[in-house]
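Just below is one structure, and these are the notes that go with it.
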Amino acid sequence: MNNTTNDFTPGTPFWGAGGPEGPEGPSLIAVIGAGTMGNGIAHVFAQAGFKVHLVDVSSAQLQKALATIDKNLDRQIAKGTLTAEQKKSTLENITTFTQVPVGVKEAKLVVEAATENIDLKLSIFEQIDDAAPEDCILASNTSSISITKIASVTHRPGSVIGMHFMNPVPVMKLVEIINGYATTPEVTNTIVELSRLLGKVPCVVNDYPGFIANRILMPMINEAIYSLYEGVAGVEAIDTVMKLGMAHPMGPLQLADFIGLDVCLSILKVLQDGFGNPKYAPCPLLVNMVMAGKLGVKAGEGFYTYTPGSKDLVVAKRLA
Ligand SMILES: NC(=O)c1ccc[n+]([C@@H]2O[C@H](COP(=O)([O-])OP(=O)(O)OC[C@H]3O[C@@H](n4cnc5c(N)ncnc54)[C@H](O)[C@@H]3O)[C@@H](O)[C@H]2O)c1
C-alpha cells in the first residue's frame with residue numbers, strides 16, 4: 001500500500017521557496033493537449049506565474065485554447081478576482097508548440113492532458129521520457145488509465161504521477177493526485193505542494209481503476225441511467241431527486257451529458273475490466289446512446305438537447 005495521507009513533510013520544491021520564481025527565473029511547465037482540460041491547466045499554471053509551454057498536434061486547437069483562456073480571464077476580471085495587468089502577464093507566460101519533444105525539452109514538470117486513449121498516452125509518454133530533462137516530473141491528467149501502466153513505458157517510473165484536475169479547471173478546487181506503484185514520496189510531496197500553490201486542494205489516492213473520483217461517480221451515473229432504462233422515473237425526475245434530495249448542484253444525467261457519454265462509457269469499461277465485477281457493467285441504454293452519437297453537450301444531444309445560445313434544459317425528444 002502506498003502512502004495516501006495528505007500530511008507531508010515539505011520537500012524541496014523545484015520552483016523555490018516563495019513561488020514559481022526560482023533562482024534561474026520562473027520554472028517551466030509543459031502541458032500536452034490543448035483541449036477542454038489542457039487549456040484550463042495552462043491557464044492556472046500561467047496565472048500562478050509559471051512559464052507554460054502548451055503543446056498540441058493541432059494548431060487550430062492551440063488557437064482555440066488561447067481564445068478560451070483569454071475569454072475565461074476576462075470573466076475573472078469582470079468578477080473582480082483578476083486585474084487587467086495580471087491577465088496580460090498570464091497570457092505572456094504561455095507559448096504554444098506543435099511538437100512534444102520541443103515543448104518539453106527544458107520542463108521541470110510535464111502535465112499530459114491529451115485524448116483519453118491508452119495507446120496514444122503510452123506513445124506520448126515514451127516521447128516525453130526521451131526528450132524531457134532527467135529530473136523532470138511526468139504527470140498525467142487521465143480520468144481512468146493506470147498511472148502504473150503509463151510509468152512502465154518510461155525510464156523514470158518513480159517520477160510519474162497522476163495529477164487529475166476537474167473540469168472547469170480554473171473554477172474547480174480539487175486535484176486528485178494518484179500515486180503509481182513506483183511513485184516516490186518526494187514526487188508526491190512536490191505535486192501536493194504545487195497543487196496548493198495553484199490555490200487547489202490536493203487529495204492523494206492510490207492507483208486502482210477509476211481512482212476515487214470516477215470509481216464513485218460513474219456507478220452513480222450508471223445507476224441513474226439504469227433507473228431511466230427500467231422506467232422507474234423520467235429524466236427530469238431522476239435529476240431533480242438527486243439535486244433537491246442530495247443537494248447535488250447538477251443531476252447525474254445532466255452531469256453525464258456534461259462529461260460526455262462516450263467518456264462515461266469508457267470509464268465504466270475500465271472499472272468493469274479492472275475489477276472483473278459485473279456491478280460496473282455499463283447500462284445498455286448508455287451503450288446505445290453512444291452508438292447513436294448522442295454524446296451529450298458536445299454533440300448537441302444526450303439526455304437533454306442543447307441549443308447554442310440557450311440555457312434551457314430540455315429533455316431529448318426520444319426520452320421525453
Ligand atoms: N473533459 C473532462 O471533463 C475531463 C476531466 C478530468 C480529466 N479529463 C482527462 O483529461 C484528458 C484530456 O481530456 P479533454 O476532455 O481535455 O480532451 P479533448 O479531446 O478536449 O482534448 C484532447 C487534446 O489532445 C490533443 N492531442 C491528441 N493527440 C496528441 C498528441 N499526440 N500530442 C499532443 N496533443 C494531442 C488533441 O488535439 C486535443 O486537442 C483525458 O485524459 C481525460 O480523460 C477530462
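All ligand and atom numbering here is 1-based and tracks the order in the structure. Excluded from the calculations below are hydrogen atoms, water molecules and symmetry mates; all remaining heavy atoms, backbone and side chain alike, are included.
Proximity of a side-chain donor or acceptor of T188 to a complementary backbone N or O of T184 within less than 3.5 Å is detected. Under the 3.5 Å distance criterion, the side-chain polar atoms of T307 are left unmatched by any main-chain donor or acceptor of S310. Of the possible donor and acceptor atoms, none in the side chain of D135 sits under 3.5 Å from a partner among the backbone N and O of K108. A donor-acceptor pair under 3.5 Å is absent between the side-chain atoms of H164 and the main chain of E176, judged by distance alone.
Under the 4.0 angstrom criterion, atom 17 (O) of ligand 1 counts as lacking any protein heavy-atom contact.
Counting only heavy atoms of the protein, atom 41 (O) of ligand 1 lies nearest to E116 OE1, 2.5 Å. For atom 8 (N) of ligand 1, the closest non-hydrogen atom on the protein side is S143 OG, 3.2 Å. Summary of contacts: the protein heavy atom closest to atom 11 (C) of ligand 1 is A114 O, 3.4 Å. N141 ND2, 2.9 Å is the protein heavy atom nearest to atom 10 (O) of ligand 1. T115 OG1, 4.5 Å is the protein heavy atom nearest to atom 19 (O) of ligand 1. The protein heavy-atom contact nearest to atom 21 (O) of ligand 1 is G35 CA, 3.3 Å. The protein heavy-atom contact nearest to atom 28 (N) of ligand 1 is L120 CD2, 3.6 Å. Looking only at protein heavy atoms, the nearest one to atom 29 (C) of ligand 1 is V57 CG2, 3.8 Å.
Using a 3.5 Å distance cut-off with no hydrogens or angles, the side chains of N206 and Y181 do not pair a donor with an acceptor. Between the side chains of S89 and Q86, no donor N or O sits under 3.5 Å from an acceptor N or O. Between the side chains of D207 and T148, at least one donor-acceptor pair of N or O atoms lies under 3.5 Å. Y304 and D239 are linked by a side-chain donor-acceptor pair at a separation below 3.5 angstrom, with hydrogens and angles left out of the test. Remark: the S144 side chain and the E116 side chain contain an N/O donor-acceptor pair separated by less than 3.5 Å.
Contact annotation: I124 has at least one heavy atom less than 4.0 Å from an atom of ligand 1. Within the structure, the closest approach of F165 to ligand 1 falls below 4.0 Å when heavy atoms are considered. Residue K121 places a heavy atom under 4.0 Å from ligand 1.
On a distance-only criterion, H164 and ligand 1 share no N/O pair closer than 3.5 Å. For D56, a nitrogen or oxygen atom sits less than 3.5 Å from a nitrogen or oxygen atom of ligand 1, counting backbone and side chain alike. Residue T36 has at least one nitrogen or oxygen atom sitting less than 3.5 Å from a nitrogen or oxygen atom of ligand 1, judged on distance alone.
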List, one per line, each side-chain donor-acceptor pair under 3.5 Å for residues 28-47, sequence neighbours excluded.
residue	atom	partner	partner atom	Å
N39	ND2	G35	O	3.1
N39	ND2	T36	O	3.4
H43	NE2	Q47	OE1	3.2
H43	NE2	Q76	OE1	2.7
Q47	OE1	Q76	NE2	3.0

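At a 4.0 Å heavy-atom cut-off, ligand 1 touches I32 through the side chain alone. For M37, heavy-atom contacts with ligand 1 shorter than 4.0 Å involve the backbone as well as the side chain.
F258 pairs by the ring pair (Phe, Tyr, Trp, His ring centres under 6.0 Å) definition with nothing, not counting sequence neighbours.
The contact set between ligand 1 and N167, taken as ligand atoms under 4.0 Å from a residue heavy atom, comprises 2 (C), 3 (O). Atoms of ligand 1 lying under 4.0 Å from at least one heavy atom of T142, given by number and element, are 41 (O). Against a heavy-atom cut-off of under 4.0 Å, G33 is close to the following atoms of ligand 1: 24 (O), 34 (N).
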Could you go step by step and tell me if D129 and H155 meet the side-chain hydrogen bond (donor to acceptor under 3.5 Å, both in side chains) rule?
-> CA-CA 7 Å; D129 189 40; H155 297 97; 2.8 Å; yes
